[in-house]
Amino acid sequence: MSDATKASNFIEEIIYEDLNNGLSQDTLRFRFPPEPNGYLHIGHASAICLNFGLGEKFGQPVNLRFDDTNPAKEESKYVDAIQEDVKWLGYKWDNLCYASDYFQELYDWAVQLVKDGKAYVDSQSSEEIASQKGSPTEPGVDSPYRNRSVEENLALFEGMKNGDYGESEHVLRAKINMQSTNMLMRDPIMYRVVNRAHHRTGTDWKIYPMYDWTHGESDYLEQITHSFCTLEFLPHRELYDWFLDQIVDPNKIRPKQREFARRNVSHTVTSKRKLQKLVESGVVTGWDDPRMTTISGLRRRGFTAASLRNFATSIGIAKRDNLVDLNHLEFHLREDLNKVADRVMCVLDPVKLVITNYPDDKVEMLQAENNQEDDSRGFREVPFSKELYIEREDFKEEANKKYFRLSIGKEVRLKNGYIIKGEGCIKDANGNITEIHATYDPDSQSGSGSEASLRKVKGTLHWVSAAHAVPVEVRLYDRLFTVPSPDTDKEKDFMEFVNTDSLEVITAMAEPSVKELEVGTSVQFQRIGYFCVDKDSTEEKIVFNRTVGLRDTWAKIDA
RNA sequence: UGUCCCAUGGUGUAAUGGUAACACUCCGGUUUUUGGUACCGUCAUUCAAGGUUCGAGUCCUUGUGGGACAACCA
């Protein structure tokens, strides 16, 4: 992909340093290790792009590994969804791995640790163990079971494995140091009994390994050279290394854990727990609600995989706390959509416009460019007639110089059509405009090459022919939270910052060509924004999601 | 009251002891049959104070501020 010569962040620097110290480039191997207990979100997307991006940069494999050591929380539906999301993002893994595939190796190594006096069975309650653990500022104390004999430990551990004991009766702990300043080193639990069927191993196992015991050893088994994770795992590194020390063969690759700051995006939350609360409380309609920053939500909203990848690359990677402005994501989204989305005309807030000097029954098919950024997209036909719809906000009876749109006595261009001049309007009893009247210049048709067609007018409006218009449902989404960082407030719960106006559903009038669009297709409603066809669409009614609006400098002037 | 991590414009990253760079946002402008796109321009001497050095964003010290760590979760 890119030439591997220069580090663009501290993560790559670590790799180059290892390469310079003799590590061979063709041994490089990375991994993305999600737990299949929920749906992936934008934060995972960054991690995916980092690890798979490294694989591309160095031309080396990346494994997708499910960290499935907790049968109480994990389900195979998440395994499937995660694979779909990674694929959709455009990446291919080398090996599809499961930590559960390593249960036997892990168990055998654990037995060895017991024999070496490096692990013991503790028979206290979890409360007792917790209280003996001390606190970040106070050292822990040794368990009364810490010095059980190897024989007793072996027998007990085997009993745990065979299902002789219930949950919480015994756990296997590593014998490290209860006085360590690092709480993770205070005799961490390696195994616990769980009486639950695992989504892959069924009831084969009664004991399940903990994260710390599993992760580094899994990396080692897969011969991962660099195991990158978020900063919250930094204190785990000492333990990661300690566990590796117990089993590593010096002739094999010893994996290295390094940490980076998770990347936060403003006006959203990215923890499974919080996303789940949004779903359960009914704030959103599901995990793939277009307002959700899950990958499935973003996909349904109309985000492109390329825009997510470009975003991840452009924001870089470092170790300090960050909150990336949503604008940044939207920039990359518009940048991509501008190139790939065909243009279409759709009026969101219609008001009738009558061209008084246009023949009553005439219908013309006008040629409209599909995408001015891409000639290969060609043209489509749009019907034009005497009665049209335009946006209500595109007409004012009187307007100042800054208003480029239609007003009485002024001219504007109808996109792909004619130049028209405002003549008057009809109002109802409340003073609301119900119909606008204008005259057109028959010689001014777009693309005709006539002198009149080349005249410069300040404004251009989109429109649809009233008789041909297709009513469509449009879901206008706004940011889900009212503040940039909803989950960092010391007093208030993030749910208090939910934007109650994050969805507005309207019926709009679209040009006939939208009937041909397939679910998932993105288009630009000209002068408005990017929209995609939602899966809720039916034969009778097309449903569009607003992905993101166009940049709107007029809104700023008008405000 | 411990251990560890971090600190560069409004935002995110870069600068590997040698003139603070790039992108986004904002603001201003050019082009335009999308008030879109594209293009151009303005906006920081790097948390503070000392020190080392010919030279410090970078190294050292001390502060200040922010963050992580006490699940039989990952």
Side-chain angles (χ1 to χ4, degrees), chain A residues 7-9 13 33-35 37 67-70 72-74 99 122 125-126 129-131 133-140 167-173 180-184 186 189-194 207-208 210-212 214-215 229 231-238 259 261 263 266 272 311 314-332 334-335 338-339 343 345 369 372-373 402-405 412-417 419 444 446-447 453-462 484 524-529 549-558:
Chain A
S8 52
N9 56 54
E13 226 162 81
E35 181 188 13
N37 70 340
D67 224 331
D68 54 349
T69 58
N70 186 358
K73 289 187 175 177
E74 296 148 8
D122 197 332
S125 70
S126 84
I129 292 175
S131 72
K133 210 154 197 175
S135 77
T137 53
E138 298 158 315
E167 294 186 5
S168 291
E169 278 189 67
H170 307 284
V171 291
L172 185 75
R173 292 229 256 169
S180 172
T181 52
N182 182 351
M183 293 205 59
L184 287 156
R186 323 241 261 230
I189 292 170
M190 294 171 67
Y191 278 93
R192 79 286 206 192
V193 173
V194 182
I207 55 171
Y208 290 88
M210 301 292 287
Y211 165 83
D212 289 292
T214 309
H215 205 92
C229 59
L231 235 27
E232 63 198 285
F233 288 96
L234 202 154
H236 292 251
R237 186 152 111 199
E238 191 180 359
E259 311 80 13
R263 285 164 289 181
S266 75
K272 279 175 193 165
F311 169 70
S314 87
I315 60 177
I317 194 106
K319 290 176 80 170
R320 55 177 146 152
D321 294 341
N322 59 76
L323 185 63
V324 184
D325 200 301
L326 195 56
N327 283 322
H328 220 299
L329 217 199
E330 291 183 345
F331 168 80
H332 287 284
R334 292 192 185 102
E335 181 189 45
N338 181 46
K339 288 182 295 190
R343 273 59 172 170
M345 292 194 286
E369 215 175 351
Q372 29 283 102
E373 307 294 316
K402 282 185 173 175
Y403 190 78
F404 301 163
R405 308 176 182 190
V412 293
R413 159 80 60 184
L414 290 176
K415 181 75 186 169
N416 305 309
I419 292 173
S444 64
S446 293
S453 77
L454 298 174
R455 240 161 64 222
K456 299 288 179 196
V457 288
K458 200 73 174 160
T460 301
L461 309 186
H462 61 282
Q524 184 194 91
F525 288 175
Q526 265 184 322
R527 301 210 303 138
I528 299 191
L550 255 27
R551 281 187 70 227
D552 189 355
T553 47
W554 164 245
K556 289 168 190 162
I557 298 166
D558 198 33

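Quick note on labels: first sequence line is chain A, next is B, and so on, each numbered from 1.
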K.L.:
Regarding B/U33, can its base be found pairing with the side chain of A/Arg413 as donor and acceptor, where the two atoms are less than 3.5 Å apart?
P.N.:
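Indeed there is one.
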
K.L.:
Have a look at A/Gly459 and say if it touches a base, only the backbone sugar-phosphate, or nothing, with a 4.0 Å heavy-atom cut-off.
P.N.:
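The answer is nothing, as A/Gly459 stays clear of every strand by at least 4.0 Å.
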
K.L.:
Rounded to the nearest Å, what distance is computed from the CE atom of residue A/Met345 to the C1' atom of nucleotide B/G36?
P.N.:
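For the pair A/Met345 CE and B/G36 C1', the rounded distance is 15 Å.
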
K.L.:
In sequence, state the C-alpha distance, the side-chain angles, and the governing distance for A/Arg263 and A/Ile317, and then conclude on side-chain contact (heavy atoms from CB on, under 4.5 Å).
P.N.:
CA-CA 8 Å; A/Arg263 285 164 289 181; A/Ile317 194 106; 3.4 Å; yes

K.L.:
For a quick check under 3.5 Å, do A/Arg413 and A/Ser446 share a side-chain donor-acceptor pair by atom type?
P.N.:
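Present: a donor and an acceptor within the cut-off.
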
K.L.:
Whether A/Lys556 contacts B/C26 is assessed here as follows: a side-chain N or O lying under 4.0 Å from the phosphate OP1 or OP2. Is that the case?
P.N.:
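True: A/Lys556 side-chain N/O within range (under 4.0 Å) of B/C26 OP1/OP2.
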
K.L.:
Just to be sure I understand the rule, does A/Arg186 reach a base, reach only the sugar-phosphate, or reach nothing, if contact means heavy atoms closer than 4.0 Å?
P.N.:
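The residue A/Arg186 makes no contact with any strand.
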
K.L.:
Which nucleotide, in any strand shown, forms a Watson-Crick or G-U wobble pair with B/U52, with both distances under 3.5 Å?
P.N.:
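For B/U52, the partner nucleotide comes out as none, under the 3.5 Å rule.
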
K.L.:
Please name the nucleotide paired to B/U3 by Watson-Crick or G-U wobble geometry with both distances under 3.5 Å, or report none.
P.N.:
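Its partner is B/A68.
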
K.L.:
Is A/Gln524 touching bases, backbone alone, or none of the nucleic acid, heavy atoms closer than 4.0 Å?
P.N.:
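Base: the residue A/Gln524, judged by heavy atoms under 4.0 Å, touches a nucleobase.
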
K.L.:
Taking the C1' atom in each of B/G9 and B/C43, what is the distance between them to the nearest angstrom?
P.N.:
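Looking at atom C1' only, B/G9 and B/C43 are 8 Å apart.
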
K.L.:
What is the base-pairing partner of B/U13, counting Watson-Crick and G-U wobble geometry with both distances under 3.5 Å?
P.N.:
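Result: B/A21.
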
K.L.:
Checking base pairs now: Watson-Crick or wobble, both atom distances under 3.5 Å. What partners B/G57?
P.N.:
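Per the H-bond distance test, none.
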
K.L.:
Both distances under 3.5 Å, Watson-Crick or G-U wobble: report the partner of B/A74, or none.
P.N.:
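For B/A74, the partner nucleotide comes out as none, under the 3.5 Å rule.
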
K.L.:
Donor-acceptor pair under 3.5 Å: do we get one between A/Glu232's side chain and the base of B/G67?
P.N.:
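For A/Glu232, whose side chain was compared with the base of B/G67, there is no donor-acceptor pair (under 3.5 Å).
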
K.L.:
Mind checking if A/Ile419 touches a base, just sugar-phosphate, or nothing, with heavy atoms under 4.0 Å?
P.N.:
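Nothing, no nucleic acid heavy atom in range.
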
K.L.:
Quick one: the side chain of A/His236 and the base of B/A74, do they pair up donor-acceptor inside 3.5 Å?
P.N.:
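Checked by distance alone, the answer is yes.
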
K.L.:
Just checking A/Gln372: base, sugar-phosphate only, or nothing, at a heavy-atom cut-off of under 4.0 Å?
P.N.:
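Base contact.
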
K.L.:
So what's B/U45 paired with, Watson-Crick or G-U wobble, going by both distances under 3.5 Å?
P.N.:
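The answer is none; no pair meets the criterion.
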
K.L.:
Considering every strand and a 4.0 Å limit on heavy-atom distances, what is the contact class for A/Asp558: base, sugar-phosphate, or nothing?
P.N.:
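A/Asp558: no heavy atom of the nucleic acid under 4.0 Å.
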
K.L.:
Which part of the nucleic acid, if any, lies within contact of A/Phe331, taking any heavy atom under 4.0 Å across all strands shown: a base, the sugar-phosphate backbone alone, or nothing?
P.N.:
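Answer is sugar-phosphate: A/Phe331 comes under 4.0 Å of backbone atoms only.
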
K.L.:
If you measure from the C1' atom in B/G35 to the same atom in B/C22, how many Å do you get, rounded?
P.N.:
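Their C1' atoms lie roughly 28 Å apart.
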
K.L.:
Just N and O in the side chain of A/Lys319: are any of them under 4.0 Å from OP1 or OP2 of B/C6?
P.N.:
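Result: yes.
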
K.L.:
For A/Arg320 and B/U13, is the shortest distance between a side-chain N/O and OP1 or OP2 below 4.0 Å?
P.N.:
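A/Arg320 to B/U13 OP1/OP2: side-chain N or O found under 4.0 Å.
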
K.L.:
According to a strict under-4.0 Å criterion, is A/Lys402 in side-chain N/O contact with OP1 or OP2 of B/G35?
P.N.:
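So the side-chain polar atoms of A/Lys402 never come under 4.0 Å of the phosphate oxygens OP1 or OP2 of B/G35.
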
K.L.:
Is A/His462 touching bases, backbone alone, or none of the nucleic acid, heavy atoms closer than 4.0 Å?
P.N.:
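If one applies the 4.0 Å heavy-atom cut-off, A/His462 turns out to touch nothing in the nucleic acid.
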
K.L.:
Heavy atoms only, 4.0 Å cut-off, all strands: where does A/Asn70 land among base, sugar-phosphate and nothing?
P.N.:
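Result for A/Asn70 = sugar-phosphate.
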
K.L.:
Is there, by distance only and without an angle test, a donor paired with an acceptor across the side chain of A/Ser446 and the base of B/U33 below 3.5 Å?
P.N.:
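Under the 3.5 Å cut-off, the side chain and the base do form a donor-acceptor pair.
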
K.L.:
What are the two closest heavy atoms between A/His328 and A/Ser314, and how far apart are they?
P.N.:
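In terms of heavy atoms, the two residues are closest at CE1-OG, 3.3 Å.
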
K.L.:
Assign A/Glu35 to base, sugar-phosphate, or nothing according to its heavy-atom contacts below 4.0 angstrom with the strands shown.
P.N.:
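Answer is sugar-phosphate: A/Glu35 comes under 4.0 Å of backbone atoms only.
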
K.L.:
Reckon A/Tyr403 touches a base, only the sugar-phosphate, or nothing at all at heavy-atom distances under 4.0 Å?
P.N.:
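The residue A/Tyr403 makes base contact.
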
K.L.:
Remember a base hit wins even if backbone is also touched, and classify A/Glu13 as base, sugar-phosphate or nothing at under 4.0 Å, heavy atoms.
P.N.:
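The residue A/Glu13 makes base contact.
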
K.L.:
Is any side-chain N or O of A/Arg405 under 3.5 Å from a base N or O of B/G35, one able to act as donor and the other as acceptor?
P.N.:
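Side chain to base: pair present.
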
K.L.:
Looking at A/Arg334 and A/Gly549, would you say the former's side chain and the latter's main chain have a donor-acceptor pair under 3.5 Å?
P.N.:
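A pair under 3.5 Å: yes.
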
K.L.:
Tell me what A/Phe233 touches on the nucleic acid: a base, only sugar-phosphate, or nothing, going by heavy atoms under 4.0 Å.
P.N.:
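It contacts base atoms.
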
K.L.:
Check whether any side-chain N or O of A/Thr181 sits under 4.0 Å from OP1 or OP2 of B/C4, and answer yes or no.
P.N.:
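Checking A/Thr181 against B/C4: no side-chain N or O falls below 4.0 Å of OP1 or OP2.
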
K.L.:
Hey, does the side-chain of A/Arg551 have a donor or acceptor N/O within less than 3.5 Å of a partner on the base of B/U37?
P.N.:
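Between B/U37 and A/Arg551, which were checked side chain against base, a qualifying N/O pair under 3.5 Å is absent.
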
K.L.:
Establish, with yes or no, whether the OP1 or OP2 oxygen of B/G36 is under 4.0 angstrom from a side-chain nitrogen or oxygen of A/Thr553.
P.N.:
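So the side-chain polar atoms of A/Thr553 do come within 4.0 Å of the phosphate oxygens OP1 or OP2 of B/G36, strictly under.
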
K.L.:
What contact category does A/Ser131 fall into here, base, sugar-phosphate, or nothing, at under 4.0 angstrom with non-hydrogen atoms?
P.N.:
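The answer is nothing, as A/Ser131 stays clear of every strand by at least 4.0 Å.
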
K.L.:
Under a 3.5 Å cut-off for both distances, is B/C26 Watson-Crick or wobble paired, and to whom?
P.N.:
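Base partner found: none.
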
K.L.:
Can you tell me if the side-chain N/O atoms of A/Arg334 get under 4.0 Å from OP1 or OP2 in B/U37?
P.N.:
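Looking at the OP1 and OP2 atoms of B/U37, neither is under 4.0 Å from any side-chain N or O of A/Arg334.
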
K.L.:
Charged N to carboxylate O below 4.0 Å: is that the case for A/Arg237 and A/Glu259?
P.N.:
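Result for this pair is yes, salt bridge flagged.
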
